[in-house]
Amino acid sequence: MSSKTILITGATSGIGYSLFQHYQQKGDNVIACGRNQEKLGEMADSAYKIGQFDMTIPSEIEAFAQSIDSLDILVLNAGNCRYIDDAKHFDGELFADVIQTNLISLGWILQYLLPKVRQGGQVVFVSSSATLMPFQRSEAYGASKSGVDYLANSLRLDLLKEKIDVTLIHPGFIKTPLTDKNNFPMPFLLTSEEAALNIASAIDSRKEYAHFPKRLTMTLKFLSIMPNWIWRKMIVKGY
C-alpha cells in the first residue's frame with residue numbers, strides 16, 4: 001500500500017504528537033504543524049515536513065500552505081481549553097480567545113489547506129465529548145467545540161461532490177498537557193497513545209463519526225435524553 005501524505009495540526013504534544021508517531025511509524029508522509037519551534041525542530045528529522053505557524057494568524061497559514069502540493073488527510077487537532085471560573089463576572093476576553101483558537105482559526109485552515117486535499121481524501125475534526133452535554137465552567141470550550149461539530153457535519157454535505165470524506169471525532173478525557181491542569185475527576189481517562197489508535201482506526205475506516213471511550217460517551221448520550229433535572233443534579237454540585 002502506498003504511503004499517504006497526512007497533515008496534523010497541534011502535532012507537538014498530546015493527541016497530535018501521538019498521531020504523528022503512529023503515522024510516521026507506518027511509513028506515511030507526516031506533516032507536523034504547531035507553534036512550538038523547539039519541539040518541531042526535534043521532530044524535523046522524522047517528519048516529512050514541519051510547519052510552524054499560529055493558527056490565529058491567517059497570513060502565517062497562507063505562507064505555509066504555499067509549500068504544500070497535495071494532501072490525502074488533513075487532521076484538524078489543535079485547540080485549547082480554558083474555563084470560565086466566575087460566570088456572573090463573565091470573562092469575554094477569555095471566551096473570545098477560546099472561540100478564536102478552537103473554531104474561527106479552522107476557517108483559515110480550511111481556506112488555505114482544504115484546496116490541497118485531493119479527490120478521495122479526508123478531513124478529520126478532533127472535537128470533544130463535552131459537546132454531548134453542558135458542563136460547569138465550560139461555556140467557552142463547549143461552545144467552540146459545538147461549533148466544530150456543526151462545521152464538520154455541514155462541510156461533509158458540501159464536500160460530497162468533491163469526493164472528500166469528513167470524519168468527526170469525540171474523544172473523552174485524554175491525558176495531555178491540557179487535561180493535566182484539570183482539578184476535577186476525569187472518568188475513564190485514556191492515554192494520548194490510546195486516543196491516537198482510536199482516531200487512526202476511525203480514519204482508516206473512513207467513519208463519519210467516532211466517539212470514545214464508549215463507557216463515558218454512551219453514558220453522556222443516555223443522560224442527555226433524560227429530563228434536565230436528573231442530569232443537572234449529577235453535574236451541578238449543591239443543586
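Computed from a predicted model, the values in this text were never measured in an experiment.
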N-O pairing of Asp165 and Arg206 below 4.0 Å: yes
Distance alone, cut at 3.5 Å: any donor-acceptor contact between the side chains of Asn80 and Thr101? no
Looking only at the side chains, is there a donor atom on one of Ser144 and Asn102 sitting less than 3.5 Å from an acceptor on the other? yes
Test log, rule side-chain contact (heavy atoms from CB on, under 4.5 Å), inputs Glu60 and Gln52: CA-CA 8 Å; Glu60 292 188 7; Gln52 188 207 357; over 6 Å; no
Heavy atoms, side chains only, cut-off 4.5 Å: are Ile31 and Thr5 in contact? yes
May I have the step-by-step check of side-chain contact (heavy atoms from CB on, under 4.5 Å) for Ser67 and Lys49, ending in yes or no? CA-CA 10 Å; Ser67 69; Lys49 184 190 291 286; 4.0 Å; yes
Tell me, with the steps shown, if Lys116 and Asp69 meet salt bridge (charged side-chain N to carboxylate O under 4.0 Å, His left out). CA-CA 6 Å; Lys116 308 290 184 175; Asp69 294 324; over 6 Å; no
Answer yes or no: is there a donor N or O on one side and an acceptor on the other, between the side chain of Glu194 and the main chain of Thr191, under 3.5 Å? yes
When rounded to the nearest 0.5 angstrom, what is the spacing between CH2 in Trp231 and CZ in Phe135? 9.0 Å
I want to check something: taking the side chain as every heavy atom from C-beta on, are Leu7 and Val75 in contact at a cut-off of under 4.5 Å? no
Leu71-Tyr48 co-clustered via ILVMFWY side chain contacts under 4.5 Å: yes
Kindly indicate, with the supporting measurements, whether the criterion side-chain contact (heavy atoms from CB on, under 4.5 Å) is fulfilled by Asp85 and Arg137. CA-CA 6 Å; Asp85 291 322; Arg137 303 169 58 226; 3.0 Å; yes
When rounded to the nearest 0.5 angstrom, what distance separates OG in Ser201 from CZ in Phe212? 10.0 Å
Is it true that, when you exclude Arg35 itself, more than 12 heavy atoms of the residues, nucleotides or ligands shown sit nearer than 6.0 Å to its CZ? no
To the nearest 0.5 Å, what is the distance between NE2 (His89) and CG (Asp91)? 12.0 Å
With a cut-off of under 6.0 Å to the ring centre and 45° to the axis, is Lys214 in cation-pi contact with Phe188? no
If two hydrophobic side chains count as joined below 4.5 Å and joins carry through other members, does Leu159 share a cluster with Tyr150? no
Closest heavy-atom pair and its distance - Ser129, Gly172: OG-CA, 3.4 Å
Taking it one step at a time, do Val148 and Thr131 satisfy side-chain contact (heavy atoms from CB on, under 4.5 Å)? CA-CA 10 Å; Val148 172; Thr131 65; over 6 Å; no
Are any of the side-chain heavy atoms of Gln122 and Leu74 separated by less than 4.5 Å? no
Would the Tyr209 and His170 ring centres measure less than 6.0 Å apart? yes
Donor-acceptor pair, side chain of Lys161 and main chain of Asp158, under 3.5 angstrom: yes
May I ask whether Leu113 and Ile104 are part of the same hydrophobic cluster, defined by side-chain heavy atoms of I, L, V, M, F, W, Y residues being less than 4.5 angstrom apart, directly or through others? yes
Using only atom types and a distance under 3.5 Å, with no angle test, would you say the side chain of Asp97 pairs donor to acceptor with the backbone of Glu93? no
Going from SG on Cys33 to CZ on Phe20, what distance comes out if it is rounded to the nearest 0.5 angstrom? 11.0 Å
May I ask you to check whether Phe95 and Phe90 place their ring centres under 6.0 Å from each other? yes
Would you check if Asn29 and Ile6 make a side-chain contact, meaning some heavy-atom pair closer than 4.5 Å? no
Under 3.5 Å donor-acceptor, Ser205 side chain and Ala202 backbone: no
Keeping the roles fixed (side chain from Ser46, backbone from Met43), state whether a donor-acceptor pair exists under 3.5 Å. yes
Test item: Tyr17 and Thr12 side chains (from C-beta on) under 4.5 Å apart, heavy atoms: no
Side chain to side chain donor-acceptor pair (under 3.5 Å) assessment of Thr9 paired with Asn77: CA-CA 5 Å; Thr9 65; Asn77 165 75; 5.4 Å; no
Between Pro171 and Val126 the two heavy atoms that sit nearest each other are CG-CG1, 3.9 Å
Would you say Ile203 and Leu197 are hydrophobically clustered, going by side-chain heavy atoms of ILVMFWY under 4.5 Å? no
Heavy-atom check, side chain of Leu168 versus side chain of Ser127, under 4.5 Å: yes
Heavy-atom closest pair (Leu94 atom, Ala140 atom, distance to 0.1 Å) is CD2-CB, 4.1 Å
Got a second to check how far Arg118's CZ is from Lys4's NZ, nearest 0.5 Å? 7.0 Å
Can you check whether Phe125 reaches Thr167 side chain to side chain, under 4.5 Å on heavy atoms? no
So do the side chains of Trp108 and Met55 get within less than 4.5 Å of each other, counting heavy atoms only? no
same_hphob_cluster(Ile169, Tyr141) at 4.5 Å side-chain heavy-atom cutoff: no
Got a second to check how far Leu132's CG is from Ser146's OG, nearest 0.5 Å? 9.0 Å
Criterion side chain to side chain donor-acceptor pair (under 3.5 Å) on Ser3 and Asp28, from CA distance to verdict: CA-CA 5 Å; Ser3 61; Asp28 289 315; 5.2 Å; no
